[in-house]
Amino acid sequence: MDYKDLADKIFPNAKDISYYEEKYPERNLKEGAIVTRFAPSPTGFVHIGGLYQATLAKKLAKQTGGVFFLRIEDTDQKREVENGITGIIDALNDFGLTPDEGMQNETEEKGNYGPYKQSLRKEIYQAYAKYLLAQGKAYPCFCTPEDLEEMRQKQEAAKIRPGYYGVWAKCRNLSVEEMMEKIEKGEEYIIRLKSPGNPEKKIKHHDVIKGNIDFPENDQDIVIIKSDGLPTYHFAHAVDDHLMHTTHVIRGDEWAASVPLHLQLFQVLGFKPPKYAHIAPIMKQEGDTKRKLSKRKDPEAAVSYYSEIGVPKEAVLEYLLNIANSNFEIWRKQNKDKSVEEFDLQLNKMGVSGALFDMVKLLDISKNVISRYDAQTVYNETKKWASKYDTELEKILDKDLTYTMKVLGMERGNVKPRKDIAKWSDIRYQTAYMFEELYEQAQEEYEYQTITDKKEIQAILENYLTVYDEQDDKQTWFDKIKDVAEKLGYAREVKEYKLNPDKYPKGHVGDVSTVLRVSLTRRANTPDLYEIMKILGKDVIQKRYQEILSK
RNA sequence: GGCCCCGUGGUCAAGCGGUUAAGACACCGCCCUUUCACGGCGGAGUCAUGGGUUCGAUUCCCGUCGGGGUCACCA
């Protein structure tokens, strides 16, 4: 009896690996093409860190004429969530990160290297496990969880390195006969790798992001096939990325420590290892320590959060790209109108330690992104957002489209466009005074600035109303305001006032127009008043001023 | 604790043996302007620390301190 018999005993139906090797041939891509993937567990939740990885992966594949695919890692059935795959695919699509291959929805997939869902690849993993078993490079382990726990405690008490290795690996030295016998008896078992490593020796590894790292060799006989017949992450990673011909594994740096194991797995299996790019996580400051952005504690960890508050996808992507390659913002400054597609991302320019997530910076990028949009785009995006999160606003915007477009187009498309909208949810507040419904329901407190006397305010409004003519061009319009100012004893020109403030105790024309502004909008800060009045129209202006006059 | 990685202003960061140590966000001031925003100009603020190596260290080496990661039949 030998290992071959043992392998047949354990996996009698598994195919020879040559079948899979032929079935999944080398990809026919040009030199330098990067094949990479996003490989999440189907929890439905997409973390900003996951989006970050996917963004980089997709971008790199695209830049090099390679392939970006989506593989679902559902080997831990305890973590399974209903419709988890859909959630991931939707998020990816939302951000324009549609994979070239892989799962398309809960059950369907696209591409020649599938299945792209690990639970469907069980027989493939078993074929490779059998291959290892037959060579004596893997073995069944009959230790129970209790045995392992006991072992761990002993190791801990003795203050030695924990794990299943060397003399602690009880089952590795069982004879084939003994193993057969236990199997016959129906003892439960899992399959472990018989690690050939020696921790006294170092392996050299070059990480695409982190550079050269030396690790001790792995000597842990890690589990490759669990008792449910499914592989562990490590084994699935080696088999899948080999068969799917991944050239670059882009993943979070919590995996960096597993590199010795993974390299060993590739070596034992006779595979060519991929390049690894370990990405530093996005962090959050908590007290005086940093930690990874947490799904449970931080709403901003979920990509859905950005959709909810209405930050354009493009802004999130630009922010992520900026964290990845800090020269991105220089590029952006020089190429204001180009698509991010044209930016050349470089993995080796990435930072090696985790950056603190900066919402303020994100919002600033978002302001810039939105400032580049035309009114139509702003409308489209706001409507898309509002239809989900603010249907009242949606209705208001759709009531009179021509009018809405005018409002959203205010000071837009200029050389120096306004940058006061960071997210679609800001629209409601920023344009409140332009829509009667919003204006009326927002009974916010408002303050006049320099001129606060009620009589004085009324005098200004009254005078203004008598001269106001909708047809006036901007110059005429403002000249009339100057006239009013002068008539009521204010300085006609601000400059004049600044020269001789004593001559004008009441103030200047700027103060007068502030009264006009605040009376009309309840805001001290607005875009150009002339434009606002133009769009609002005579009736609304009169109505709002009369209301104040009648008080 | 073992192993691995990291340590430039409040944040993101350029830098790779000789620099007045870029830039962006935030902050402050001024200018522009009928307000705000935009824009322009200016300001404050950083090489964790101690030893080496060197004519010269933010850059190279070692220690210390600090931070992060990892040590599952989870990924």
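Side-chain atoms are counted along with the backbone in the values below, which use heavy atoms only and exclude waters and symmetry mates. A, B, ... follow the sequence lines: proteins, then strands. Residue 1 opens every chain.
For rU34(B), its base sits under 3.5 Å from the side chain of R517(A) at one donor and acceptor pair at least. With hydrogens and angles ignored, no donor-acceptor pair closer than 3.5 Å exists between the side chain of S326(A) and the base of rC12(B).
Using cut-offs of 30° and 60° on the angle between ring planes, the pair H205(A) and Y276(A) is perpendicular. Using the six-membered ring where Trp is involved, H242(A) and Y128(A) have ring planes that are perpendicular, over 60° apart on the 30 and 60° scheme. Ring geometry for H234(A) against H262(A) counts as tilted: the plane angle lies between 30° and 60°, on a 0 to 90° scale.
At rG69(B), none of the side-chain N or O atoms of K290(A) fall inside 4.0 Å of OP1 or OP2 (strictly under the cut-off). For rA75(B), one of the phosphate oxygens OP1 or OP2 lies less than 4.0 angstrom from a side-chain nitrogen or oxygen of T75(A).
The partner of rA22(B) is absent, by the rule that a Watson-Crick or G-U pair needs both atom distances under 3.5 Å. Pairing for rG1(B) goes to rC71(B), judged as Watson-Crick or G-U wobble with the two contacts each under 3.5 Å.
The gap from the C1' atom of rC4(B) to that of rU11(B) amounts to 26 Å, rounded to the nearest Å. Comparing the P positions of rC60(B) and rC74(B) gives an interatomic distance of 42 Å, to the nearest angstrom. Nucleotides rC16(B) and rC3(B) are separated by 28 Å at their C1' atoms, to the nearest Å. Comparing the P positions of rU70(B) and rA14(B) gives an interatomic distance of 24 Å, to the nearest angstrom.
RNA chain B lies under 4.0 Å from at least one heavy atom of each of the following residues of residues 479-499 of chain A: V494(A).
Among the heavy atoms of the strands, none lies under 4.0 Å from W331(A).
In terms of position along RNA chain B, the nucleotide closest to H508(A) lies nearer the 5' end than the nucleotide closest to the other residue of the pair K78(A) and H508(A). Residue-to-nucleotide proximity on RNA chain B shows that, of I323(A) and T289(A), the 5′-proximal contact is made by I323(A).
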If you restrict it to nitrogen or oxygen atoms, what contacts under 3.5 Å exist between nucleotides 38-47 of chain B and the protein, and what is each distance?
unit_1  : atom_1 : unit_2  : atom_2 : d
rG39(B) : OP1    : K419(A) : NZ     : 3.2

Between the protein and nucleotides 7-11 of chain B, list the N/O to N/O atom pairs that are separated by less than 3.5 angstrom.
none

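For the residue pair D374(A)/T377(A), the side-chain donor-acceptor check at 3.5 Å is satisfied.
Between the side chain of N198(A) and the backbone N or O of E200(A), at least one donor-acceptor pair lies under 3.5 Å.
For an aromatic pair to be called close, the ring centres must be under 6.0 Å apart, and Y433(A) with Y439(A) fails this.
Here the options are R172(A), R192(A), K194(A), K137(A), the test is salt bridge (Lys or Arg N to Asp or Glu O under 4.0 Å), and the partner is D221(A); only R172(A) passes.
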